[in-house]
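Throughout, residue positions are numbered sequentially from 1 according to the sequence presented.
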Amino acid sequence: MAVGGNEADLVFTGGKIRTPAHPSGFVQALAVRGGVIQALGRDDEIKELTGRRTRVIDLRGRLTLPAFGDAHVHAVAGGLESLRCNLLGLRTRHDCLAAVDDYCSAVPAGGWVLGGGWTMSAFPGGLPTAADLDPVTGGRPAFLPNRDHHSAWVNTAALTLAGIDENTPDPIDGRIERDEAGRPTGALHDGAMRLVAAHVPPPDPAELIAGLLAGQTHLHSLGITRFQDACVGAAAELGIPDAFDTYLMAADYGMLSSHVVGALWWDRNRGLDQIDDLLARREQASAGQFSGGQFRATTVKLMLDGVCETFTAAMSAPYLDRDGHPGDHRGRLFLEPEALHEITRRLAAAGFQLHFHAIGDHAVSTALDALEALPAGPRRAARHHLAHLQFITPRDMGRFAALDAVANFQPLWACAETQMEELTIPFVGAERAAWQYQIGSLAAAGTRIAFGSDWPVSSADPLQEMHVAVNRVLSERLGRPGGPECENPFLPDQAITLDAAIDAFTAGVAWVNHEEDVAGQLLPGLRADLAVLDQDLYAIPARDIGSTSVVMTVAGGTVTFVNTPEMG
């Protein structure tokens with residue numbers, strides 16, 4: 001038994017712990033001291049490190065992995081949304097309206113109805129209307145972004161307050177949904193969301209802290225202890241408030257139990273002068289008690305396009321109409337190539353990592369072109385990454401590895417759900433449909449892969465996302481049992497192995513966040529971040545991955561979540 005300075009703070013025994021420290025890939029036990037992994041080995045070996053003050057947890061044979069990361073998430077926005085009118089996961093128009101009606105009972109007259117998370121597939125034609133919303137909101141203005149935050153559902157009161165009518169032009173980076181007479185119908189896309197969002201009262205600091213803590217608690221319950229917040233800054237286009245000060249405050253007061261990299265928002269309506277502001281924020285986050293700590297602001301988020309379902313994703317060829325014929329609309333870039341090259345050159349020279357939102361194949365090509373123009377050495381060191389990557393043209397597949405660009409996928413989307421079958425494939429055609437979410441091909445070509453959720457756009461549960469990455473179908477926990485999204489694999493040749501999926505959520509995220517020396521694997525000297533599962537992923541059929549849950553999360557040697565009594 002250990003005594004004095006050799007005694008572990010925390011010991012896990014009797015488990016199946018995934019680690020590269022053993023030729024088999026697994027050990028039975030692990031010891032933690034001072035927030036880092038002290039040792040791994042057999043139960044009898046680790047027993048030598050236990051003492052009177054050591055907390056010993058019997059894993060009872062459970063699989064233990066490095067805690068998950070998330071390379072693209074909106075933790076504060078997701079937490080805040082969950083505390084408001086939360087429409088996430090509701091499947092029908094009736095359910096959404098009932099939830100809004102119930103929420104409004106606690107909103108004072110004149111107050112705003114805020115929240116969101118609705119899905120396009122819940123509404124006929126994919127779009128809700130102000131006429132639906134007006135009767136249940138009682139004259140209160142409503143602003144409810146959908147789950148991907150590229151569209152907002154607003155009512156007549158909000159349209160009136162913002163002065164939006166049939167004479168209001170579409171902004172260059174968005175669109176107002178209209179009826180045949182040109183009157184706004186209650187859906188605003190991308191930059192058009194800003195027209196109403198500018199009138200929404202911002203959340204106060206207490207609300208933002210509550211949102212962060214709610215989001216962090218949710219992520220811990222899913223085994224996530226570190227992430228990259230993909231939008232830290234005021235993004236009216238997405239309905240996302242600025243959470244920079246929120247992260248600083250949480251870190252300052254010891255409330256931030258996650259390690260977070262903030263991707264500072266690039267405001268496409270400002271010029272290069274904002275780089276000075278971004279530099280100041282990076283310095284503020286790294287100063288004093290924040291240096292090397294829980295929150296760093298070392299990345300800049302560049303949104304290049306919208307989403308396919310609203311025809312705002314930038315494509316190299318036009319979308320098809322409902323009859324399958326090419327139209328005259330192919331979406332557009334939010335940042336034109338010449339401007340983007342200068343922005344990326346300046347940001348890269350300042351030492352920022354670049355985090356691109358790129359969904360359409362033209363947006364992906366444009367981001368890769370911008371990276372190709374950067375000096376190779378600094379580009380390689382920065383680990384720039386492209387998120388979403390719904391459509392990648394064949395000519396770009398080899399460029400990721402050649403340019404050291406990380407492919408940051410949200411794998412939950414790679415399935416044949418209703419939004420894919422009804423609102424995407426008919427409007428892109430068979431050839432481009434096959435360009436979607438090519439995780440397997442990129443991995444085979446040597447591209448480094450990292451996974452993220454984009455929560456609250458979709459579930460933050462890494463096990464659900466891994467289920468899709470491995471099976472290319474939704475798990476029955478999220479989909480409809482017997483439905484096509486659970487039974488019909490979507491582009492099954494793009495599936496990856498279980499180990500590759502785990503690595504994308506662990507070592508892959510650590511790589512993106514420049515944390516591979518402290519996190520992402522279970523090795524002596526690395527941070528003691530662990531996720532304990534209720535099933536052994538290596539002993540069950542792949543189709544059951546999605547029925548697995550996290551039963552304990554450990555962040556820096558501290559248990560932050562537990563839901564099984566015998567381990568409490």
Side-chain angles (χ1 to χ4, degrees), residues 8-10 12 15 17-22 25-27 30-40 63-73 75 215-216 219-230 247 250-251 254 256-263 285-286 290-299 353 355 381-383 385 406 408 448-453 460 462-463 465-466 499-533 550 552-561:
D9 302 321
L10 178 63
F12 293 89
I17 301 171
R18 186 180 191 258
T19 174
H22 192 276
F26 301 96
V27 295
L30 178 150
V32 178
R33 180 175 172 82
V36 302
I37 298 170
Q38 183 181 13
L40 301 102
L63 177 65
T64 300
L65 303 176
F68 303 119
D70 192 311
H72 185 109
V73 69
Q216 180 174 252
L219 296 177
H220 281 328
S221 76
L222 301 172
I224 298 168
T225 63
R226 52 203 165 78
F227 53 86
Q228 185 161 140
D229 189 312
Y247 279 115
L256 194 59
S257 51
S258 303
H259 281 77
V260 183
V261 171
S286 65
F290 306 116
S291 180
Q294 304 290 118
F295 176 65
R296 295 175 290 124
T298 52
T299 300
Q353 180 190 63
H355 182 158
R383 305 173 187 181
H385 50 127
V406 180
N408 181 345
R448 192 177 293 271
I449 306 293
F451 280 166
S453 66
L463 292 159
E465 296 164 81
M466 287 192 289
D499 276 321
I502 293 173
D503 286 343
F505 266 121
T506 54
V509 179
W511 177 263
V512 164
N513 283 353
H514 294 262
E515 288 191 318
E516 73 278 9
D517 292 335
V518 294
Q521 299 186 87
L522 299 181
L523 287 169
L526 271 60
R527 202 162 57 227
D529 291 356
L530 297 84
V532 183
L533 309 185
V550 170
M552 176 177 279
T553 303
V554 179
T558 299
V559 176
T560 57
F561 170 77

Checklist entry - V554 versus V32: any side-chain heavy-atom pair under 4.5 Å? => result no

Item to check | side-chain contact (heavy atoms from CB on, under 4.5 Å) partners of A39, counting only residues at least two apart | outcome: I46, L49

Next on the checklist: Going by the rule side chain to side chain donor-acceptor pair (under 3.5 Å), which residues pair with T64 if we only count those two or more places apart in sequence or in a different chain?
Outcome noted: none

Checklist outcome for this item: To the nearest 0.5 Å, atom CG of L530 lies from atom CG of L30 at 5.5 Å

Next on the checklist: With a 4.5 Å cut-off on side-chain heavy atoms, are I224 and P462 touching?
Outcome noted: yes

Next on the checklist: On a heavy-atom basis, which atom in A460 and which in L219 lie closest, and how many Å separate them?
Outcome noted: CB-CD2, 3.8 Å

Next on the checklist: If the condition is salt bridge (charged side-chain N to carboxylate O under 4.0 Å, His left out), which residues does R383 pass it with, not counting sequence neighbours?
Outcome noted: E516

Next on the checklist: Just verifying a value: how many Å separate L63 CG and R18 CZ, rounded to the nearest 0.5 Å?
Outcome noted: 8.5 Å

Checklist entry - Out of curiosity, L526 CG to Q521 CD, how far, rounded to the nearest 0.5 Å? => result 7.0 Å

Item to check | Among V550, L533, T506, the one residue meeting side-chain contact (heavy atoms from CB on, under 4.5 Å) with L65 | outcome: L533

Checklist entry - Between A31 and A8, which heavy-atom pair has the shortest distance, and what is it? => result CB-CB, 4.0 Å

Item to check | side chain to side chain donor-acceptor pair (under 3.5 Å), paired with H259, selected from E515, R226, Q294 | outcome: Q294

Checklist entry - Any idea which heavy atoms bring V509 and A504 closest together, and the distance? => result CG2-O, 3.5 Å

Item to check | L522 backbone acceptor or donor facing T19 side chain under 3.5 Å | outcome: yes

Checklist entry - Can you find a heavy atom in the side chain of L523 that is under 4.5 Å from one in the side chain of I37? => result no

Next on the checklist: Taking ring-ring contact (aromatic ring centres under 6.0 Å, His included) as the definition, give me every residue that meets it alongside F26, ordered by chain and number, with sequence neighbours left out.
Outcome noted: Y538

Item to check | Results of side-chain contact (heavy atoms from CB on, under 4.5 Å) for V512 - residues two or more places apart only | outcome: Q228, Q353, H385, V406, A450

Next on the checklist: For a quick test of reading the model, state the closest non-hydrogen atom pair linking G520 to A510 and the distance between them.
Outcome noted: CA-CB, 4.0 Å

Checklist entry - Has the side chain of N408 got a donor or acceptor atom that lies under 3.5 Å from a matching backbone atom of A71? => result yes

Next on the checklist: Once ring-ring contact (aromatic ring centres under 6.0 Å, His included) is applied, do any residues pair with H72, and if so which ones, sequence neighbours excluded?
Outcome noted: H74, H355, H388

Next on the checklist: Checking S221 now: which residues fulfil side-chain contact (heavy atoms from CB on, under 4.5 Å) with it, not counting sequence neighbours?
Outcome noted: H218, F561

Next on the checklist: For D529, give me all partners under side chain to side chain donor-acceptor pair (under 3.5 Å), at least two apart in sequence or on another chain.
Outcome noted: T225, R527

Next on the checklist: With a 4.5 Å cut-off on side-chain heavy atoms, are V559 and M552 touching?
Outcome noted: yes

Item to check | Partners passing side chain to side chain donor-acceptor pair (under 3.5 Å) against H514 (at least two apart in sequence or in another chain) | outcome: none

Item to check | Q216 versus S257, side-chain donor and acceptor atoms under 3.5 Å | outcome: yes

Checklist entry - Is any side-chain heavy atom of E465 closer than 4.5 Å to a side-chain heavy atom of F68? => result no

Checklist outcome for this item: Smallest heavy-atom separation, D70 atom then S453 atom, equals OD2-OG, 2.6 Å

Checklist outcome for this item: Residues at least two apart in sequence or cross-chain that pass ring-ring contact (aromatic ring centres under 6.0 Å, His included) with F451, listed by chain then number, are F505

Item to check | With sequence neighbours excluded, residues passing side chain to side chain donor-acceptor pair (under 3.5 Å) with T553 | outcome: none

Checklist outcome for this item: side-chain contact (heavy atoms from CB on, under 4.5 Å) filter on A297, not counting sequence neighbours, yields F244, L264, A285, F295

Item to check | Whether D9 side chain and G34 backbone form a donor-acceptor pair below 3.5 Å | outcome: yes

